[in-house]
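Worksheet: one structure, shown below.
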Protein chains: 2
Amino acid sequence: MATIQDVATQAGVSVATVSRVINESPRVSPDARARVLEAIGRLDYRPNLLGRNLRRTEARVVLVVLPSISNPFYARIVEGIEDVARVEGFNVLLCNTGDEAERERVYLGMLSQRLADGAILMAPSLRVDELELLCHAHPLVQCCEFHAGATVSHVSVDDRAAARDAVRYLLSLGHRRIALVASHGSLVSDHCRFDGYRDALAEADVPFDPELVAYGRYDFATGRACGDAFFALPPPRRPTAVFAISDLAALGVVQAARAAGLRVPEDVGVVGFDDIAFASMVDPPLTTIAQPQYDLGRTAAEILFRQLRDPAAPPEDRFLPHRLVIRRST
Amino acid sequence: MATIQDVATQAGVSVATVSRVINESPRVSPDARARVLEAIGRLDYRPNLLGRNLRRTEARVVLVVLPSISNPFYARIVEGIEDVARVEGFNVLLCNTGDEAERERVYLGMLSQRLADGAILMAPSLRVDELELLCHAHPLVQCCEFHAGATVSHVSVDDRAAARDAVRYLLSLGHRRIALVASHGSLVSDHCRFDGYRDALAEADVPFDPELVAYGRYDFATGRACGDAFFALPPPRRPTAVFAISDLAALGVVQAARAAGLRVPEDVGVVGFDDIAFASMVDPPLTTIAQPQYDLGRTAAEILFRQLRDPAAPPEDRFLPHRLVIRRST
DNA sequence: TATGCTCGTGTAATCCGTTACACGAGAGGG
DNA sequence: CCCTCTCGTGTAACGGATTACACGAGCATA
């Protein structure tokens, strides 16, 4: 593989001049530039970026840390991040943590090892203090999920308002027994969506009934299990509608309803959260709170690059608008 | 940020000794080792991997090139690749090409720029000659899709046999008007699945009817459009079953059937391909050909690392077993 | 003609580890 | 007591680029 030295020799100039041509410095005579370009072409020279990166102390890589890329909700966000990163000349390194804090730590260690310049965290399993420490040393952005109170940039929808909108809508359809598939992790969306649910009930003077809240994760199995529990309740206590913390969980609820011999939406209404592509592919198409996934990704990346350019920039908290998408599951 | 020199000074040894400790060379006295480890701890030293990588001329990165991570079929494969890469100490760089050959070229350029050591291609849009050229210079594995005849390693299921099994199964249910949602790209799965379809029809002496084949891509919209066309046919000509080239397309077909007032599976049977997680979450759960996605990823990675260790290793062609998963859409 | 610019270019230091080679000390054998 | 080995360690070259600094040439100004 040709090196910059080979090009220099071939073109009859010094390595400095070759480097200047590559980096489009104006201080190169047209003549020298032509000879260098010619040599580069002849030798099929491509700069060794390991050398450049070492010299510049940058990797031009951003970490995208998430529990699992198999969750289609993240996939679309990643595309938003990638599109911004590409125009900035950065690469996206995918970091599946499987929700293990230790794997997350290993990946984030790449920052201090200089293999990455910044990171976007989707659902941090790190403790707040670790996060804070880290963000003093490296550009960091939380996307969608975040630790409330941490002085780390973040971008997300207003989860509380979004959940409130979803439940208000169910109330407006006349539902009074509205169940919630929730999660009690340490992330804001867990709390906020729960709070939004209670907000809406309180507004409508519908008493909160703990029997109508089941906890789990954000996946299909959780929805199925919670749904099974809800629909096992005898008719007066059984919910007539379910608000699920994610579309995946909502799909599980729909399946549980069918298994219990209930029709959606006639016997039970279901609302999801996220608006993944699948929400509109299934039958019945899912009513859900749409998160602007692609824009969440883009925005997170934009904030990250701002911090990369100006390390002194203060952390930003950005909220993007959500949207209630009414389909046929309600 | 501390460098190896700082550690050396702090520990009262030379940088060589520090390096030996880090790389677990046996030629270090227990005493020196202890002092070095102590200094590393005190300074919170982490080796700058840019320096190491330059010296070793490796990036410890594998490229995973695919059209779109939003397709859940790929997501699971990526996890298989990642799990193997992690134990090898490699990172996975995600390369969404959006099916643009140019973007694919840019990403693969990272190989010659030393930012990556090898690549796994999911659905190459490069020409065969480019591929061949590339694989002489760098370890390369094609996963799932591949250019037939290219002397580049690959791992996939036997697409032709798989499609044959799917159609045989529909025939065994008594279907005679079996439609196919196909694709006419240059990839093998396009051809092979088509061939398998014809194989099965021929075996059963069912005449091939071009009216029952529609072409598109692998996505939901394709399935919907092709399904709409099929179900617009008047009853004697209308298919009683559809075999779709992917689960996503099958989902589109199911939606089209519903839109046409047809019940699945009573009026029309649908079989997909891939067995993505969603196939079992929808209603009716999809009968499909399961590809061992995770293992496809693992195997591709294993072949890649074999080639990385021994660049002279001959290309491998590996076929993994598929499986007909019968659910309720047939 | 001397002075001071600008311009183009080259030399060499630098980024940070890794490792070939050299060297001195101590052990063991003859 | 000398020779040979092994062991632990250090020095310095090296990987491939970037860039501060220096320098000579050419030109304009005084």
Side-chain angles (χ1 to χ4, degrees), chain A residues 1-40 43-61 89 109-117 137, chain B residues 1-40 43-61 89 109-117 137:
Chain A
M1 194 57 95
T3 70
I4 199 172
Q5 182 59 65
D6 300 329
V7 176
T9 307
Q10 173 86 204
V13 298
S14 74
V15 293
T17 300
V18 177
S19 177
R20 290 190 188 103
V21 170
I22 293 169
N23 293 292
E24 298 179 326
S25 152
R27 334 243 101 189
V28 180
S29 68
D31 175 54
R33 180 186 312 280
R35 292 207 317 278
V36 168
L37 290 176
E38 211 262 344
I40 287 177
L43 295 172
D44 189 28
Y45 168 73
R46 324 252 347 235
N48 178 325
L49 296 191
L50 294 176
R52 172 183 294 175
N53 288 349
L54 170 60
R55 185 59 234 242
R56 294 188 174 161
T57 328
E58 64 170 20
R60 299 194 84 75
V61 164
M110 295 177 66
L111 291 168
S112 49
Q113 309 218 99
R114 312 251 82 113
L115 282 187
D117 307 302
Chain B
M1 192 59 92
T3 70
I4 198 172
Q5 182 58 66
D6 299 329
V7 176
T9 307
Q10 174 85 205
V13 298
S14 74
V15 293
T17 299
V18 176
S19 178
R20 290 189 189 104
V21 170
I22 293 168
N23 294 291
E24 300 180 326
S25 151
R27 332 245 102 190
V28 181
S29 68
D31 175 53
R33 179 186 312 280
R35 290 205 321 274
V36 168
L37 290 176
E38 210 262 345
I40 287 177
L43 295 171
D44 190 27
Y45 167 73
R46 324 252 348 231
N48 178 326
L49 296 191
L50 295 176
R52 172 183 295 174
N53 288 349
L54 170 60
R55 185 60 235 245
R56 294 189 174 160
T57 327
E58 64 171 18
R60 300 194 84 75
V61 164
M110 296 177 65
L111 291 168
S112 51
Q113 309 218 101
R114 312 251 82 112
L115 282 187
D117 308 302

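In what follows, chains are A, B, ... by sequence order, proteins preceding strands, each numbered from 1. The figures here come from the full heavy-atom set of this structure, side chains too, leaving out hydrogens, waters and symmetry mates.
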With sequence neighbours excluded, what pairs up with [X] under the side-chain contact (heavy atoms from CB on, under 4.5 Å) test?
X	answer
Thr9(B)	Gln5(B)
Thr57(A)	Arg114(A)
Ala11(B)	Val13(B), Arg35(B), Val36(B), Ala39(B)
Ala2(A)	Asp6(A), Leu43(A), Tyr45(A)

Heavy-atom protein contacts under 4.0 Å, nucleotides 16-24 of chain C, coded B base, S sugar-phosphate only, - none: BBBBB----

Divergence of helical axes at both termini of the helix from dT1(C)-dA30(D) to dG30(C)-dC1(D) - five pairs an end, 10° steps: 50°

Audit row: Val28(A), Thr17(A), side chain to side chain contact (heavy atoms under 4.5 Å, CB included) steps and yes/no: CA-CA 7 Å; Val28(A) 180; Thr17(A) 300; 4.2 Å; yes

For Ser14(B), side chain to side chain donor-acceptor pair (under 3.5 Å) partners two or more places apart: none

Side-chain donor or acceptor of Asn23(A) paired with backbone N/O of Ser25(A) under 3.5 Å: no

Residue pairs involving residues 14-30 of chain B (criterion salt bridge (Lys or Arg N to Asp or Glu O under 4.0 Å); sequence neighbours excluded): none

Summary of salt bridge (Lys or Arg N to Asp or Glu O under 4.0 Å) pairs that have at least one residue in residues 46-58 of chain A, sequence neighbours excluded: Glu58(A)-Arg60(A)

Value in whole Å for how far the C1' atom of dG15(D) lies from CG of Asp6(A): 13 Å

Distances for protein N/O vs nucleotides 4-7 of chain D N/O pairs under 3.5 angstrom?
none

Interatomic spacing from CD1 in Ile4(B) to CD1 in Ile22(B) - rounded to 0.5 Å: 4.5 Å

